[in-house]
Each structure stands twice: as C-alpha cells, then as structure tokens.
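Below is one structure; the comments refer to it alone.
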Amino acid sequence: MSGLEVRDLVVAIGGFRVMAEELVVARGEIAVIHGPNGAGKTTLLKAIAGLVKPVRGLIVINGETVFKAYVKTEVNKPPEKRWVGYLPQNLLLFPHMTVYENIAFAMKGRGIKPDSRKVNEILDLVGLKGLEDRRPSELSYGQQQRVALARALASNPRVLLLDEPFSNIDVEFKRELRREVSRIARALGLPTLLVSHDPEDLTMADKQFLMNKGVLRERV
C-alpha cells in the first residue's frame, strides 16, 4: 500500500515493551496517537524512523518494507533510507545556522542538492517567507516549530512523524498551527502520524489511537 503500515511490532527498552498490533495510515491521512507521558508514544515513532530497533514486527513505508523481523527473516533499513520526515519533541535546530541554512542542511543530509527555489517553496509552505536570514534565537517558539517542520519536509519524505508538535505554544497559535499542519500534510499527500497527550490534537485526526502502558489500540 502507499502510506504507512505497522504490524505485530514489539520494541523492548530495558524492561519496558511497546506493542503495536496494527497501525495503517494512508496517503494524506492524519493519525493521532493519544496517551499519557511515558506510555511509549515517542518510542514507537523512533522505531518507525529507524532510530530504535524493534525485536519483532513489520514496518512498510510507501509500499517498501523498511523493517521486518520474524523467525527467519530480517530487514532493517537505516534512517536515511526510510525517507521519513521526523519532527522531534526538542526540535534540534542548529543555533548557529539561519532558517535557510537549517533547511538546506536537512536536504544535504538526504543527498539532495540544496536549491534556493526549493527552499523558498518550503519557506512559503510553512509561512516563514521573509525570516530565512534569522537564527533560531531570533524567532518565537512557534516560528521555531515551523522551522523544524520545514526541515522535516525538506528531505522529500514519504511519511511525516510528529512528536508533540504543539507543546509549549499558546492556545490560539496552537489552533493555527494545527490547521497549517493539516493543510500541508493533505496538500502533499503525506501519511502523517502525530503523538500527543493533549486531547485537543484529536480534532485534526482521521484516525485516533490510544497508547497506554506501551500498548497501542485504535479508537473507533
């Protein structure tokens, strides 16, 4: 299928286990995983991105198997070969680089030659046109969130993973950013998986999942 498919996945971190029996997100669809802090939501995102190795299961992105581990079969593609756009909770922007340079660096990291037209398209898409020469310290937190989103989009991802993307933002701007993320994900046809402990984020979901004590369940 085109999109994201996760089946029979088990991730073990110390004595804690994260389990996802089935998670399917189609192109242009937004799925929100809701649950308390420490439930395993971020661990699941990292497993999909290739930053954590599961002990069992299947992950398929845009029809390509990027992870498969059963009794006699193993596939485990590295993060750079999964074409995942990942927006982590702590943003990880380079403070010494401008907005433009942060986005261009993400493109280089995926072997894409930075192109001013492409970077400007992304800046326009996330509403940062005119701020390209500023450094992160010269931006509001909401604007920094947009830079992190722009950087996640700069690598031509096949799936978009968002870890608590609206935390630490005032309520009014949070609503605006939700609308923007929804618009961008649907316009680009990206299967999008967002994790959150804020019930308000469920308003943007085509599919809702609950994660508690490491176990993922779809809400119907």
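Predicted model, so just to flag it, every value in this text is computed and none were measured.
- Electrostatic pairing of Arg186 and Asp206 counts as a salt bridge here, judged by a charged N lying under 4.0 Å from a carboxylate O.
- The side-chain heavy atoms of Arg27 and Leu190, taken from C-beta on, include no pair separated by under 4.5 Å.
- Look at Lys174 and Glu200 and you find no salt bridge, because none of the NZ, NE, NH1 or NH2 atoms lies under 4.0 Å from a carboxylate O.
- Salt bridge annotation for Glu176-Arg178: absent, with no cationic side-chain nitrogen under 4.0 angstrom from a carboxylate oxygen.
- Leu160 places none of its side-chain heavy atoms less than 4.5 Å from the side chain of Tyr86.
- Val126 and Tyr141 fall within a single hydrophobic cluster, where Ile, Leu, Val, Met, Phe, Trp and Tyr side chains are chained together by heavy-atom contacts under 4.5 Å.
- Of all heavy-atom pairs spanning Arg82 and Ile61, the tightest one is O-CD1, 3.9 Å.
- Under a 3.5 Å cut-off, the side chain of Ser182 and the backbone N or O of Glu180 do not form any donor-acceptor pair.
- Across every non-hydrogen atom of Pro157 and Val84, the tightest pair is CB-C, 4.0 Å.
- Here the rule is side chain to side chain contact (heavy atoms under 4.5 Å, CB included) with Leu193, and of Val159, Leu23, Leu162 only Leu23 fits it.
- Contact annotation: the side chain of Val11 never approaches that of Leu44 to less than 4.5 Å [non-hydrogen atoms, C-beta and beyond].
- Heavy atoms from other residues, nucleotides or ligands lying under 6.0 Å from CZ of Phe105 number 12 at most.
- Here the side chains of Lys46 and Thr42 are in contact, with some heavy-atom distance below 4.5 Å.
- With contacts defined as side-chain heavy-atom distances shorter than 4.5 Å, the pair Leu9/Arg56 does not qualify.
- Residues Leu91 and Leu123 share a hydrophobic cluster, clusters being chains of Ile/Leu/Val/Met/Phe/Trp/Tyr side chains in contact below 4.5 Å.
- Applying the side chain to side chain contact (heavy atoms under 4.5 Å, CB included) criterion to Thr98, with sequence neighbours excluded, gives Tyr100, Glu101, Arg135.
- There is no path of hydrophobic side-chain contacts, each under 4.5 Å, that joins Met19 to Leu210.
- Without hydrogens or angle criteria, Glu121 side chain to Lys118 main chain gives no donor-acceptor distance under 3.5 Å.
- A continuous path of Ile, Leu, Val, Met, Phe, Trp and Tyr side chains, each step under 4.5 Å between heavy atoms, connects Ile184 with Met204, placing both in one hydrophobic cluster.
- Closest approach of Val24 to Lys207, counting heavy atoms only: O-NZ, 2.6 Å.
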